[in-house]
Every structure is written in C-alpha cells, then in structure tokens.
Amino acid sequence: MSATKAPTLDLRGTRCPLNYVKTRLQLERMEQGATLEVWLDLGEPAEQVPRSLRMDGQEVTDLGDAGGYFRLRVRRLK
C-alpha cells in the first residue's frame with residue numbers, strides 16, 4: 001500500500017448523474033494508474049457511481065459506509 005494519500009473528491013449532496021460526471025472528469029485529469037477517493041451520499045449515488053465507473057473500465061478498489069456517507073476508491077485504468 002502506498003504511503004501517499006489519494007486525492008479526495010467530496011460529492012456529498014450532489015445528485016445523480018452529476019456525481020458520476022464529476023468523478024469521471026476528475027479521473028480524466030489524473031494520470032493513468034492514479035487513485036481517487038470519492039465521498040458520496042448513501043443510497044442511489046452509492047449504488048450508481050461505482051457501477052458506472054466499472055462499466056467505464058475503471059477499477060473500484062475499495063468501497064463502504066464511512067459513517068453517514070459512502071466512500072469509494074477508484075484507480076484510473078484508462
């Protein structure tokens with residue numbers, strides 16, 4: 001595991017599909033292989049964003065409830 005902390009994108013309060021769009025745009029600005037941590041609201045965003053990222057060819061490396069919000073880590077593959 002890398003000692004470098006992944007950049008964080010706080011999208012709590014952002015509605016679908018804008019939270020996915022913002023995540024994708026942030027990933028496009030990052031180097032291939034870089035990891036991004038994303039904070040989302042529980043419910044639809046927590047279900048849809050990881051699914052959409054996987055369908056887009058990205059690697060979701062960690063996800064789960066972080067006490068009131070949903071946290072996921074995604075590695076840019078392409």
Side-chain angles (χ1 to χ4, degrees):
M1 178 181 250
S2 171
T4 306
K5 186 175 182 332
T8 301
L9 184 60
D10 185 352
L11 295 176
R12 293 175 290 180
T14 305
R15 300 181 134 207
C16 289
L18 193 54
N19 45 28
Y20 165 70
V21 172
K22 287 184 175 191
T23 301
R24 186 171 172 195
L25 289 172
Q26 180 63 38
L27 285 170
E28 288 176 1
R29 290 189 287 262
M30 298 172 69
E31 292 185 23
Q32 193 168 1
T35 299
L36 175 66
E37 183 169 299
V38 184
W39 298 351
L40 302 161
D41 293 322
L42 299 174
E44 186 180 12
E47 296 167 10
Q48 297 298 324
V49 173
R51 182 181 320 155
S52 296
L53 290 169
R54 287 184 185 113
M55 289 174 47
D56 193 35
Q58 308 306 335
E59 179 185 7
V60 176
T61 61
D62 185 37
L63 54 109
D65 188 331
Y69 65 95
F70 189 82
R71 180 184 48 78
L72 74 88
R73 289 174 68 96
V74 56
R75 182 180 358 254
R76 181 179 178 202
L77 297 181
K78 49 189 215 170

Within-4.5 Å side-chain heavy-atom neighbours: D56 and Y20 = yes
Please confirm whether the backbone N or O of P7 pairs with a side-chain atom of E37, one donor and one acceptor, at under 3.5 Å?
-> no
Any chance you could measure E44, atom CD, to C16, atom SG, to the nearest 0.5 Å?
-> 4.0 Å
Count the heavy atoms of every other residue, nucleotide or ligand shown that sit under 6.0 Å from CD of E28, and state whether that count exceeds 12.
-> yes
Check each of R29, R76, M30 against L36 using the side chain to side chain contact (heavy atoms under 4.5 Å, CB included) test, and report the only one that passes.
-> M30
Quick one: do L72 and L53 satisfy side chain to side chain contact (heavy atoms under 4.5 Å, CB included)? Show the steps, please.
-> CA-CA 11 Å; L72 74 88; L53 290 169; 4.0 Å; yes
L77, L63: one ILVMFWY side-chain cluster at the under-4.5 Å cut-off?
-> no
How long is the span from the CG atom in L9 to the CG atom in L40, to the nearest 0.5 Å?
-> 8.5 Å
Point-to-point distance, once rounded to the nearest 0.5 Å, from CZ of R12 to CG of D41 = 8.0 Å
Side chain to side chain contact (heavy atoms under 4.5 Å, CB included) between Q58 and K78: does it pass, once the steps are laid out?
-> CA-CA 7 Å; Q58 308 306 335; K78 49 189 215 170; 4.0 Å; yes
State plainly whether one hydrophobic cluster holds both L18 and W39, where clusters connect Ile, Leu, Val, Met, Phe, Trp and Tyr through side-chain heavy atoms under 4.5 angstrom apart.
-> no
Results of salt bridge (charged side-chain N to carboxylate O under 4.0 Å, His left out) for R71 - residues two or more places apart only | D62
Let me see the working for T23 and Q26 under side chain to side chain contact (heavy atoms under 4.5 Å, CB included), right down to the final yes or no.
-> CA-CA 5 Å; T23 301; Q26 180 63 38; 5.8 Å; no
